[in-house]
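All chains are named by letter (A, B, ...) in the order of the sequence lines, taking the proteins before the strands, and each is independently numbered beginning at 1. Being a predicted model, the structure only gives us computed values, none of them experimental.
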Number of protein chains: 2
Amino acid sequence: MTGALDDRGAQVLRHVVEDYIETAEPVGSRTISKRMEQHLSPATIRNIMADLEEMGYLVQPHTSAGRVPTGAGFRYYVDYLLARRRLARPQRDQFQRMAGEAGGSADELVRQVSRLVSTLSRQACVVVVARLSSQPLRSLNLLRAGADKVLLVIVTQGGWVEHRLIEGETGLSGDDIGKINAYLNELADGLSLHELRGKILREMKQEKARYDRLMQRALQLSARALEESSPTEVYVEGRANILEQPEFAEDVQKLKRILRAFEEKSVIVRLLDRTLEGDAIQVSIGSENPVEGFPDISVVSSGYRLGESVTGSIGLIGPVRMDYSRIIPLVEYSARLLSSTFEHR
Amino acid sequence: MTGALDDRGAQVLRHVVEDYIETAEPVGSRTISKRMEQHLSPATIRNIMADLEEMGYLVQPHTSAGRVPTGAGFRYYVDYLLARRRLARPQRDQFQRMAGEAGGSADELVRQVSRLVSTLSRQACVVVVARLSSQPLRSLNLLRAGADKVLLVIVTQGGWVEHRLIEGETGLSGDDIGKINAYLNELADGLSLHELRGKILREMKQEKARYDRLMQRALQLSARALEESSPTEVYVEGRANILEQPEFAEDVQKLKRILRAFEEKSVIVRLLDRTLEGDAIQVSIGSENPVEGFPDISVVSSGYRLGESVTGSIGLIGPVRMDYSRIIPLVEYSARLLSSTFEHR
DNA sequence: GATTAGCACTCGGAGCAGCGGAGTGCTAAT
DNA sequence: ATTAGCACTCCGCTGCTCCGAGTGCTAATC
């Protein structure tokens with residue numbers, strides 16, 4: 001099973017995949033024969049297709065139906081047959097215009113980008129993940145927010161803002177808060193939230209030796225604020241797009257499973273996990289994707305940098321039968337756009 | 001058409017509605033005859049049903065099918081026939097447990113409540129809206145957030161936190177920021193964001209006469225931060241629940257329209273708009289709902305108070321054929337829970 | 001030897017008839 | 001006023017045929 005293809009086989013496979021992407025119907029030998037630039041009769045095509053089937057790139061839903069690409073077929077197509085295009089000019093312009101308009105806050109920009117990607121793809125649902133805890137911090141700010149509450153506002157270098165409300169903190173004067181602030185910022189300098197948490201815990205042990213009660217309080221307080229591992233932000237855009245796909249619209253069970261999965265943040269994060277490390281683009285076809293039980297969805301995703309390190313990932317989730325030649329440049333471009341926008345901050 | 005019902009008619013209507021809610025199938029006279037406590041033969045029931053049909057409470061999908069309640073039928077049921085129950089004990093407990101666990105921040109609580117409501121209802125999708133701009137403020141805090149950026153953190157008395165990033169602000173010393181903060185808080189005291197915006201604009205005119213440049217700057221800056229009308233926060237939970245309903249699962253077109261609508265914040269806000277004013281519960285059945293084009297969904301919603309005034313609304317969106325006797329107490333209870341939790345802050 | 005025309009074969013889906021059942025409305029009996 | 005009885009309606013299921021798209025194989029052709 002599976003193996004290298006000669007040129008003719010590759011061309012036939014390419015046509016089958018592309019036609020299937022377009023029509024969502026099994027593709028017959030006549031169709032391919034007409035589509036191919038090199039003229040070959042349907043009979044010849046049939047022979048080639050039979051070979052491709054033996055190699056595991058195609059299957060027949062039943063005898064006397066056309067062929068449908070398998071996961072391996074799509075894989076081969078994506079790896080070797082896909083013409084790698086740049087994103088089309090007008091679409092690049094749309095992105096640029098949007099980036100110009102989007103306000104200063106990082107999460108606003110991410111939301112806009114994902115919305116645009118979803119509209120342009122029309123195939124699938126776009127998901128963006130931003131892992132806050134590994135972004136280098138810009139500043140921490142403690143605020144009084146009521147009689148017994150203080151608010152810790154966290155700003156990362158990428159321009160992400162998050163806040164934690166801490167309850168049951170009484171008797172901190174404005175002066176105390178100022179001092180704690182200064183201390184925390186000194187501690188945090190250049191670290192990520194994750195690293196800071198470690199440092200605070202270490203510091204707490206040492207500081208106990210000394211007798212600075214305020215600093216001790218500061219450490220306890222921030223340890224409390226940071227104890228819940230900071231959640232990964234997840235944005236999902238264009239859920240309704242998947243209804244556009246005939247393969248899902250027909251099978252409500254499948255649809256239900258997918259939509260349910262999308263309500264779980266953790267599932268989405270797992271889907272994009274791979275790309276949260278490097279910023280190369282990743283294509284997971286069908287059962288290759290990291291989440292079990294969804295053999296008919298593909299994920300095209302890419303990490304993006306927020307500042308120095310890759311902390312976010314944008315991904316497009318759709319049917320295996322998606323238009324990779326359009327989708328891949330789209331995701332690639334938007335990830336690069338996010339990275340470069342955050343760089344200039 | 002439509003009119004008052006005698007007792008027997010009402011009982012029959014009640015049974016038709018309840019049976020239809022349960023089965024989603026047209027209800028026949030035999031079924032009702034068996035279900036009714038007062039024994040009546042199917043033939044009698046048929047006569048009564050024919051009357052109810054004339055009055056507009058029931059329809060037949062076709063001759064020789066059972067009857068289905070119309071919008072008016074459901075309306076009558078909800079207004080006069082529904083046994084108003086309290087929420088069941090175990091469910092109340094679930095809410096209490098959750099409220100105890102939920103962290104301090106308001107939006108976390110709201111999210112948890114909507115999630116629980118969605119799980120308990122299993123029928124529909126829950127939506128929560130919180131209108132920030134009419135909540136009385138607790139404090140405003142300006143923070144430095146980079147070389148040319150400042151961050152305005154807004155905390156309302158209900159415990160809601162929001163922030164706005166303002167770009168292109170250079171040359172403000174820490175001292176300046178402190179002064180601006182004090183000034184803004186004095187200005188904001190007890191006002192809502194909406195009122196504050198008005199006050200700032202008025203103040204700006206007067207302040208021009210005076211020559212305090214820093215205060216002028218403060219006003220300009222906050223005016224900029226508040227110029228975009230603060231968006232209404234919208235949380236949607238349990239979208240996939242609507243797939244559970246046979247009436248939608250069968251009609252993909254309808255489903256698509258509904259899911260698309262849910263991607264638009266504005267549509268959701270319009271659906272709950274009515275209840276954003278008072279805190280009474282509202283039931284919009286079918287085409288009664290404020291958004292045109294969705295004649296087969298109902299909305300059960302109630303406002304809740306965040307502090308003094310009603311600024312939020314929790315609503316349940318589902319098929320017209322929903323179990324109002326379960327849903328209404330559920331929504332009522334959760335709205336009251338939100339109000340009372342926010343009161344004790 | 002590769003390609004192709006020809007042909008028999010397979011299989012799914014559309015279309016149609018027939019039937020059974022659930023439900024109705026009407027009439028006549030209680 | 002209620003109800004038993006009955007004829008009637010209509011939906012949806014089942015089974016049937018027919019059609020077409022597509023295949024694999026074989027034999028003829030380049």
Side-chain angles (χ1 to χ4, degrees), chain A residues 5-13 15-20 22-70 73 246-247 249-251, chain B residues 5-13 15-20 22-70 73 246-247 249-251:
Chain A
L5 294 181
D6 59 0
D7 185 58
R8 267 190 358 188
Q11 288 316 310
V12 171
L13 178 57
H15 277 98
V16 174
V17 171
E18 286 174 357
D19 196 272
Y20 182 66
E22 209 177 299
T23 63
E25 303 271 292
V27 187
S29 53
R30 270 179 61 87
T31 322
I32 300 298
S33 165
K34 276 185 278 178
R35 282 245 205 299
M36 291 258 292
E37 29 288 290
Q38 176 193 1
H39 177 75
L40 288 174
S41 77
T44 315
I45 302 288
R46 280 204 287 282
N47 289 326
I48 301 173
M49 281 168 117
D51 292 347
L52 289 171
E53 184 163 6
E54 241 171 77
M55 287 189 269
Y57 295 126
L58 300 179
V59 275
Q60 283 180 295
H62 57 257
T63 357
S64 93
R67 257 92 172 188
V68 166
T70 60
E247 47 263 68
E250 272 158 27
D251 187 338
Chain B
L5 294 182
D6 60 1
D7 185 58
R8 268 189 357 188
Q11 288 316 310
V12 171
L13 177 56
H15 277 99
V16 173
V17 171
E18 287 174 356
D19 196 273
Y20 182 66
E22 211 177 297
T23 63
E25 302 273 291
V27 187
S29 53
R30 270 178 61 85
T31 321
I32 299 298
S33 165
K34 276 185 277 177
R35 280 246 205 298
M36 291 258 290
E37 29 289 288
Q38 177 193 0
H39 178 75
L40 287 173
S41 77
T44 315
I45 302 288
R46 279 203 287 282
N47 288 326
I48 302 173
M49 281 169 115
D51 294 348
L52 289 172
E53 183 163 7
E54 241 170 76
M55 287 189 270
Y57 294 126
L58 300 179
V59 275
Q60 283 181 297
H62 54 87
T63 358
S64 94
R67 257 92 173 189
V68 167
T70 60
E247 48 263 67
E250 274 157 26
D251 187 338

inquiry  = Measure CD/Glu54(A) against P/dG24(D) and give the value in whole Å, please.
reply    = 11 Å
message = Return the pairing partner of dG15(C) with a 3.5 Å limit on both distances, Watson-Crick or G-U wobble; otherwise return none.
response = dC16(D)
key: Spacing of Ile48(A) atom CD1 relative to dG22(D) atom P, expressed in whole Å   = 17 Å
Residue mapping more 5' on DNA chain D - nearest nucleotide basis, Thr63(B) or Leu40(B) = Leu40(B)
task = Mind calculating the distance between NE2 (His39(A)) and P (dA2(C)) to the nearest angstrom?
result = 18 Å
remark   = Residue pair Ala43(A)/Met49(B) against DNA chain C: nearer the 5' end by closest nucleotide is Ala43(A)
ask   = CD1 of Ile45(B) versus P of dG23(C): gap in Å, rounded?
value = 13 Å
Any Thr44(B) side-chain nitrogen or oxygen under 4.0 Å from OP1 or OP2 of dT3(D) = yes
query = Given atom CG of Leu52(A) and atom P of dG24(D), what is their separation to the nearest angstrom?
reply = 12 Å
query = What is the pairing partner of dT27(C), taking Watson-Crick or G-U wobble pairs with both distances under 3.5 Å in any strand?
reply = dA4(D)
ask   = With respect to the phosphate group of dG23(C), does any side-chain polar atom (N or O) of Arg67(B) fall under 4.0 Å of OP1 or OP2?
value = no
inquiry  = At less than 3.5 Å, do the side-chain atoms of Ser41(B) and the base atoms of dT3(D) form a donor-acceptor pair?
reply    = no
message = Nearest whole Å is fine: how far is dA2(C) C1' from Arg8(A) CZ?
response = 8 Å
query = Is the shortest side-chain N/O distance from Ser29(A) to OP1 or OP2 of dT23(D) below 4.0 Å?
reply = yes
request  = Would you check if Leu52(B) and Val16(B) make a side-chain contact, meaning some heavy-atom pair closer than 4.5 Å?
outcome  = no
request  = In whole angstrom, give the distance that lies between atom CD1 of Ile32(A) and atom P of dA21(D).
outcome  = 16 Å
task = Output yes when at least one side-chain N/O atom of Arg46(A) is less than 4.0 Å from OP1 or OP2 of dT26(D), else no.
result = no
request  = Between Pro61(B) and Gln38(B), just flag the one whose closest nucleotide in DNA chain D comes earlier from the 5' side.
outcome  = Gln38(B)
message = Tell me the closest heavy-atom pair linking Thr70(A) and Leu58(A), and the distance in Å.
response = CG2-C, 3.7 Å
message = Rounded to whole Å, how long is the line connecting atom CG of Asn47(A) with atom P of dA5(C)?
response = 13 Å
remark   = Here the pair of heavy atoms bringing Tyr20(A) nearest to Val27(A) is N-CG2, 3.8 Å
ask   = Which heavy atom in Pro61(B) sits nearest to a heavy atom in Val68(B), and how many Å separate them?
value = CG-CG2, 4.1 Å
query = Is any side-chain nitrogen or oxygen of Ser64(B) closer than 4.0 Å to OP1 or OP2 of dA22(C)?
reply = no
ask   = Okay, side chain of Ser33(B), backbone of Leu40(B): is any donor-acceptor separation there less than 3.5 Å?
value = yes
